[in-house]
S.K.: 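Mind having a look at this structure? Questions to follow.
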Amino acid sequence: MTALTLDVRDVTKRFGDGETAVLAVRGVSLAVQPGEIVLIMGPSGSGKTTLLSMMGALLKPTGGSIRLDGTAISELSESRLPDIRLRQFGFIFQDFNLLSALSVLENVAIVAELAGLRGRAARDKATTLLTELGLAARLDFLPEKLSGGEKQRVAIARALINDPTLILADEPTANLDSKIGHEIMRLLRSIAKEQGRSVVIVSHDQRIRDIADRVLWLEDGAFKDIVTMATDPVCGMAVERERAVSAEKDGDTFFCCSRGCREEFLGGLREDGRADGRQPHGWSRLAGALRSRRRRASTTQSDAS
Amino acid sequence: MLLARRNLFRDRTRFVLSVLGVAVSVGLILLLAGYRAGVYRQASAYLDNTPGSVVVAEQGIRDFLGTSSVLPPGALEAVRSTPGVDRVIPVISSFVIFERHERKDGFFLIGYDPAAGGGPWRLVEGREPTADDDLVIDRTTARQHEIAIGDLVTLLDREATVVGLSEETTFWAGSIAFARAATLESLLRSPGLRSFLLVSPAQGTSAEGLVDQLDLAGTEVLLKRDVIANDARLMARVYDAPIGLMVAIAFVVGVLVVGLVIYTATIERRREYGAVKAIGARNRTLYRVVTTQALIAAVVGALVGIGLAYGAGAALMSWRPQFLVAIEPTVIGVVLASSLVMALLAALIPARSVARLEPAEVFRG
Ligand SMILES: Nc1ncnc2c1ncn2[C@@H]1O[C@H](COP(=O)(O)OP(=O)(O)O)[C@@H](O)[C@H]1O
Ligand SMILES: [Mg+2]
């Protein structure tokens, strides 16, 4: 158990009471390893943000437990939480949430100061970090003078300044164009891999899934593993897309269970329609995901949301 | 607190507004307090500047300005011969209407004996009264009525010649004028009349001791400072309620201006405060941010306000010399302290909304 960074067990969140109660998260379990990047995807309103907030100790679960490095943070009293948030978590928000009155450097340094570093040391640490993130020339800028990608890099520096165990990002690329978004994701990936921090990213952006170690699909407050599945166009078998052998044909990507099926498919021995006909029953709503339209390297598939 | 300073200074208009709010409020409070102190100081000017620490008045008379006093005959001689008495200044006081160029005004007329003392303490022009129809009047009053030395003024049914001009002799109910005691005796048709005796104890006798010794029938013997306090109480009845009300209003306005300015600044940055909270700042830290903002605004505002009060006070006094605005150092201390209280009260307005911020809200779009 000590090897786990975050251990989410059977967590439930209900908002409100009685008639108007909303069960935003229902019995979710999830374990995050050190250095692992977990991407949580799902349609809007599926409970992603609620789940992430609970993982970051910003919200108390209605049921279940959340442990961080063995400490049950879901049980801690409100007065203990600020310190956990400050030292264990790094938060990255969709709309950056930088402090508009402070310069780039001050935005990052103030978080180190909150954690007890004195002014000078905090500024030095922030300067080093921002320089590593390529923002050396922007230290004295106000956030309003920065581009979206720069703002998110400042936010990442702010999230990293207190050496958190876990980085939590909610839709970090939603306000960025896809090229910059990808850069940010690659940055998060290198942080995870080089510094051994765990990263949990919430997004409904299909384009960023390739940087994740694991992709989870949240729907109606519960994980469904089907989105990572595709159907072999040849034999009709359900395959995990990440583990499948992919095949390109007419600009589309297909997922096959084995090299054999792939070769058969590319050989054009069977027509597409047969594969559709062999779909396991009940998966029709995922029809769009079966034949993901994949243009070049970056994914722009029609998803199930 | 850097965040407090930056949040405050980044928006110039808002900062200037909050500072002006406090400045006007503090300035007004100081001006009112200074005006009140000035009124009191003017009212006690005669007693303050005339020697003696014990006042002998007619029985039942406990103040100097409010009522006329008639001492029993022989009182002066009795006091003079009392052991422990060093000096006695007898004065006659009467409120007298005078007329000049058809304009009427009031004099608090003091009749004194130049040899014994009790006359003008700041004679800025002319001389003391030597003849029966000589008169020394206040310089500001003289200017207002266009009276120069040598002019005639009608006092009751008589004419008097202005021979000198004095300063520091205006007060709330008019101004003080000086004539010889004999002038008042004949003006009031009361030969031998004396209103008050200002008594100085001899060396080795205390004022309190002297009060005990001067036990004369038909008189009231009081410490001079008690008489001054009684005069002040008389004025307090007139002045304190309206001035107090205005001070209270100015104070509340100051609190509200600072409070609302900081409040809107806080609401506007609601998301940012939420983010800071999500990152791990405690409520305590955020309170400190808003309180520091309020304190900076209040202290800068108070300093500006003090300057404002001095400026306005000086302007008022040169425009209307009969007003005395006396801004005392202790009052400045009180006002500075009250501006801090203002800031703390003002900080309560945004503090509530900061405390209620849910950190999880920052993730909501
Ligand atoms: N504070 C709240 N009070 C009531 N309902 C909420 C609250 N936060 C979220 N919800 C509801 O919970 C569900 C999940 O919301 P959310 O976690 O924001 O989804 P997502 O991030 O996947 O779009 C939605 O139905 C939403 O309306
Ligand atoms: Mg969301």
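Treat the numbers as computed from the prediction; the structure is a model and nothing was measured.
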S.K.: Answer yes or no: is there a side-chain heavy-atom contact under 4.5 Å between B/Val24 and B/Val257?
M.R.: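 They are not in side-chain contact.
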S.K.: Check whether A/Phe89 gets within reach of chain B through its side chain, its backbone, both or neither, counting any heavy atom under 4.5 Å.
M.R.: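 For A/Phe89, there is no contact with chain B at all, as no heavy atom is under 4.5 Å.
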S.K.: Is A/Ile84 in contact with chain B via its backbone, its side chain, both, or neither, using a 4.5 Å heavy-atom distance?
M.R.: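 Neither part.
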S.K.: Which pairs count as side-chain hydrogen bond (donor to acceptor under 3.5 Å, both in side chains) when at least one residue sits in residues 232-252 of chain B, sequence neighbours excluded?
M.R.: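 Every pair satisfying side-chain hydrogen bond (donor to acceptor under 3.5 Å, both in side chains) with a residue in residues 232-252 of chain B: B/Arg36-B/Asp240, B/Tyr40-B/Asp240, B/Asn230-B/Arg233.
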S.K.: So do A/Ile211 and A/Ile201 actually touch side chain to side chain, heavy atoms under 4.5 Å?
M.R.: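 Contact flag for A/Ile201/A/Ile211 side chains = yes.
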S.K.: Less than 4.5 Å apart, any side-chain heavy atom of B/Ile262 and any of B/Ile349?
M.R.: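 No. Closest side-chain heavy atoms not under 4.5 Å.
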S.K.: Find the N and O donor-acceptor pairs between chain B and chain A that sit under 3.5 Å apart.
M.R.:
unit_1   : atom_1 : unit_2   : atom_2 : d
B/Arg6   : NH1    : A/Glu106 : OE1    : 2.5
B/Arg6   : NH1    : A/Glu106 : OE2    : 2.4
B/Arg6   : NH2    : A/Glu106 : OE2    : 3.3
B/Arg10  : NE     : A/Ala101 : O      : 3.1
B/Arg10  : NH2    : A/Ala101 : O      : 2.4
B/Arg269 : NH1    : A/Ser100 : OG     : 2.6
B/Arg271 : NE     : A/Asn97  : OD1    : 3.3
B/Arg271 : NH2    : A/Asp95  : OD1    : 3.3
B/Arg271 : NH2    : A/Asp95  : OD2    : 3.3
B/Glu272 : OE1    : A/Ser100 : N      : 3.1
B/Glu272 : OE2    : A/Ser100 : N      : 3.0
B/Glu272 : OE2    : A/Ser100 : OG     : 2.7
B/Ile279 : O      : A/Leu86  : N      : 3.3
B/Arg282 : NH1    : A/Ser79  : O      : 2.9
B/Arg282 : NH2    : A/Ser79  : O      : 3.0

S.K.: Tell me which of these, B/Ala281, B/Ala275, B/Ala278, B/Gly274, has more heavy-atom pairs under 4.5 Å with chain A than the rest.
M.R.: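 Ranked by heavy-atom pairs under 4.5 Å with chain A, first place is B/Ala278.
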S.K.: Heavy-atom cut-off 4.5 Å, strictly under: side chain, backbone, both or neither for A/Leu99 against chain B?
M.R.: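 When you check distances to chain B, atoms from both the backbone and side chain of A/Leu99 fall under 4.5 Å.
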S.K.: What part of A/Ile161 lies closer than 4.5 angstrom to a heavy atom of chain B: side chain, backbone, both or neither?
M.R.: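 Neither part.
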S.K.: For B/Tyr263, check ring-ring contact (aromatic ring centres under 6.0 Å, His included) against everything at least two apart and list the hits.
M.R.: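 B/Tyr263: no ring-ring contact (aromatic ring centres under 6.0 Å, His included) contacts found.
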S.K.: Is B/Thr169 reaching over with its side chain to a backbone N or O of B/Ser175, donor-acceptor style, under 3.5 angstrom?
M.R.: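 Checked: no pair found.
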S.K.: Just wondering, do B/Phe171 and B/Asp138 contact through their side chains at under 4.5 Å, heavy atoms?
M.R.: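 Result no, sub-4.5 Å side-chain heavy-atom pair not found.
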S.K.: Got a list of side-chain donor-acceptor pairs under 3.5 Å for residues 299-318 of chain B, not counting sequence neighbours?
M.R.:
unit_1   : atom_1 : unit_2   : atom_2 : d
B/Ser318 : OG     : B/Ala315 : O      : 3.2

